[in-house]
Amino acid sequence: MDWELAEVYESPHGTVRWDSFGEGEDVVLMHGTPFSSFVWRDVANALSARYRVHLWDMPGYGSSAKFEGQDVSLAAQQEVFTGWLRHCGLHEPSVIAHDFGGAVSLRSALLDGVAYRRLALLDAVSIRPWGSEFFRLVNANAEVFSALPPHLHESLVRGYLATAAHRELRPDVLDRMTAPWLGEDGQPAFYRQIAQADERYTREVEDRYGELDCPVLIGWGEQDSWLPADRGSELARRIPHARLEWIPHAGHLVQEDNPARVTALITEFLAS
């Protein structure tokens, strides 16, 4: 299953791998945690028939750099995203952001003044408290978990990733999602990104969501067990002009559970 990002951006927090394809208006797809641009592969291929699609792996994720002492916090990802948009010459792109990517896109808009033509937030990290019970457990005990033997760590990551989907993930897809978190660089990187998760980064902007001045779509998996549906409803309340759509037969990882519905929602939103 080939998925490679050919371009390189040297960010303040490590080398970022990214790529773009297709022709038309610019659309940026943002992944969440603990995922990578790989989760967007089907949606990206569909959108590229009509748009110029841009994808990137955040520092510390996927094929981008991972190293000891790396800052992969939400504030760091915001800095990288804002800088990467400028590096790519992207002026007012449409942004489609999932999970943690939603928090990054919101901070870049509200704190850095980045303008979007449209913004879609899918099961977005945006309202406290963050994450699943497991996520919060690891966040509070990252040093203990990081000392796991590699085979136990791999089993933990695979089991955790599987809970993000409502449907059973194909073995080859689960293998590809797990791979970046294995080995000497990947295992510590997995716990690093959870350990640095700090809800103060959304607290800084939660009360400002109503300031967003572009069209906003909120999409939420009806069976999301990581970020329950009431978070989607609350986010829609805080962005009064946003359109809220539920994604049936989908958990948190809506791109894997119901790619057809996600693609249709995004396509309709971009064309409206």
Side-chain angles (χ1 to χ4, degrees), residues 1-9 16-58 61-64 81 84-85 87-90 92-102 104-105 116-124 161-162 164-181 215 217-221 224 245-272:
M1 185 179 295
D2 292 332
W3 182 258
E4 294 185 8
L5 304 179
E7 302 294 334
V8 170
Y9 167 57
V16 168
R17 300 304 297 255
W18 68 277
D19 215 333
S20 60
F21 48 95
E23 298 297 334
E25 294 181 357
D26 294 309
V27 176
V28 175
L29 302 178
M30 300 181 65
H31 69 83
T33 180
F35 311 110
S36 71
S37 60
F38 174 74
V39 300
W40 284 116
R41 65 197 180 282
D42 293 332
V43 177
N45 285 329
L47 292 178
S48 67
R50 190 176 301 179
Y51 299 97
R52 182 70 174 174
V53 178
H54 307 262
L55 306 103
W56 64 302
D57 285 350
M58 297 183 197
Y61 294 80
S63 57
S64 290
F81 180 53
W84 174 74
L85 289 174
H87 170 79
C88 296
L90 297 176
E92 292 193 24
S94 291
V95 172
I96 317 298
H98 177 243
D99 183 78
F100 191 68
V104 175
S105 66
Y116 308 136
R117 190 176 77 86
R118 294 182 180 277
L119 174 64
L121 301 167
L122 304 181
D123 298 78
L161 287 168
H166 178 60
R167 304 176 189 271
E168 184 176 356
L169 293 170
R170 291 199 334 248
D172 58 332
V173 170
L174 185 55
D175 288 346
R176 183 61 188 261
M177 290 183 180
T178 303
W181 301 121
L217 169 69
I218 299 170
W220 221 269
D224 190 337
E245 294 283 349
W246 302 108
I247 302 171
H249 314 297
H252 186 68
L253 201 52
V254 292
Q255 305 95 322
E256 298 294 336
D257 281 328
N258 200 340
R261 178 59 176 156
V262 170
T263 302
L265 270 179
I266 292 172
T267 301
E268 178 190 3
F269 178 59
L270 292 174
S272 62

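Side chains included, hydrogens not; waters and symmetry mates left out as well; all remaining heavy atoms used.
Evaluation of the salt bridge (Lys or Arg N to Asp or Glu O under 4.0 Å) rule for Asp175 yields Arg158 as partners, not counting sequence neighbours. The ring pair (Phe, Tyr, Trp, His ring centres under 6.0 Å) test applied to Trp40 returns no partner, not counting sequence neighbours. Contacts of Pro34 classified as side chain to side chain contact (heavy atoms under 4.5 Å, CB included), with partners at least two apart in sequence or in another chain: Tyr160, Leu161, Trp181, Phe190, Gln193, Trp226. For Phe81, the ring pair (Phe, Tyr, Trp, His ring centres under 6.0 Å) partners at least two apart in sequence or on another chain are Trp56. Under the salt bridge (Lys or Arg N to Asp or Glu O under 4.0 Å) criterion, Glu268 pairs with Arg243, sequence neighbours left out. Checked against side chain to side chain donor-acceptor pair (under 3.5 Å), Ser36 has no partners two or more places apart in sequence or in another chain. The side chain to side chain donor-acceptor pair (under 3.5 Å) check on His54 picks up Asp26, with sequence neighbours excluded. Residues forming a salt bridge (Lys or Arg N to Asp or Glu O under 4.0 Å) with Arg50 (at least two apart in sequence, or on another chain): none. Evaluation of the salt bridge (Lys or Arg N to Asp or Glu O under 4.0 Å) rule for Glu7 yields no partner, not counting sequence neighbours. Applying the side chain to side chain donor-acceptor pair (under 3.5 Å) rule to Ser37 yields the partners Trp3, Asp57; only residues at least two apart in sequence or on another chain are considered. By the side chain to side chain donor-acceptor pair (under 3.5 Å) test, Asp257 pairs with no residue at all, sequence neighbours left out.
In plain terms, the two heavy atoms of Gly62 and Pro180 that are nearest each other are O-CB, 3.8 Å. Looking at every heavy atom in both residues, Ala6 comes nearest to Asp19 through N-OD2, 3.0 Å. Across Ala164 and Phe35, no two heavy atoms sit closer than the pair CB-CZ, 3.9 Å.
Rounded to the nearest 0.5 Å, atoms CD (Glu256) and CG (Asp42) are 7.0 Å apart. Atom CD of Gln255 sits about 8.0 Å away from atom CD1 of Ile266, to the nearest 0.5 Å. Note that the CZ atom of Phe269 and the CG atom of Leu119 stand 7.0 Å from one another [nearest 0.5 Å]. Here the OG atom belonging to Ser94 is positioned 11.0 Å from the CG atom belonging to Leu217, to the nearest 0.5 angstrom. Trp84 contributes atom CH2, which lies 10.5 Å from atom OH of Tyr9 (distance to the nearest 0.5 angstrom). The distance from the CG atom of Leu121 to the NE2 atom of His98 is 11.0 Å, given to the nearest 0.5 Å.
Without hydrogens or angle criteria, Arg17 side chain to Val8 main chain gives no donor-acceptor distance under 3.5 Å. Judged by distance alone, the side chain of Arg117 and the main-chain N or O of Leu270 form a donor-acceptor pair under 3.5 Å. With hydrogens and angles disregarded, a donor-acceptor distance shorter than 3.5 Å links the side chain of His31 to the backbone of Met58. With Asn45 contributing its side chain and Arg41 its backbone, the two residues share a donor-acceptor pair below 3.5 Å. With hydrogens and angles ignored, the 3.5 Å screen pairs no side-chain donor or acceptor of Arg176 with any backbone N or O of Val173. Between the side chain of Thr267 and the backbone N or O of Ala264, no donor-acceptor pair lies under 3.5 Å. Ser105 places a side-chain N or O within 3.5 Å of a backbone atom of Gly102 that can act as its donor or acceptor partner.
The side-chain heavy atoms of Leu265 and Leu122, taken from C-beta on, include no pair separated by under 4.5 Å. Ile96 has its side chain within reach of Leu29: a pair of non-hydrogen atoms, C-beta onward, lies under 4.5 Å apart. You'll find the side chain of Glu168 stays beyond 4.5 Å of the side chain of Leu174, heavy atoms only. The closest side-chain heavy-atom distance from Arg52 to Ser20 is below 4.5 Å.
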Kindly list each side-chain donor-acceptor pair under 3.5 angstrom involving residues 246-253, sequence neighbours excluded, with atom names and distances?
{"from": "His252", "atom 1": "ND1", "to": "Asp224", "atom 2": "OD1", "distance (Å)": "3.4"}
{"from": "His252", "atom 1": "ND1", "to": "Asp224", "atom 2": "OD2", "distance (Å)": "2.8"}
{"from": "His252", "atom 1": "NE2", "to": "Asp99", "atom 2": "OD1", "distance (Å)": "2.6"}

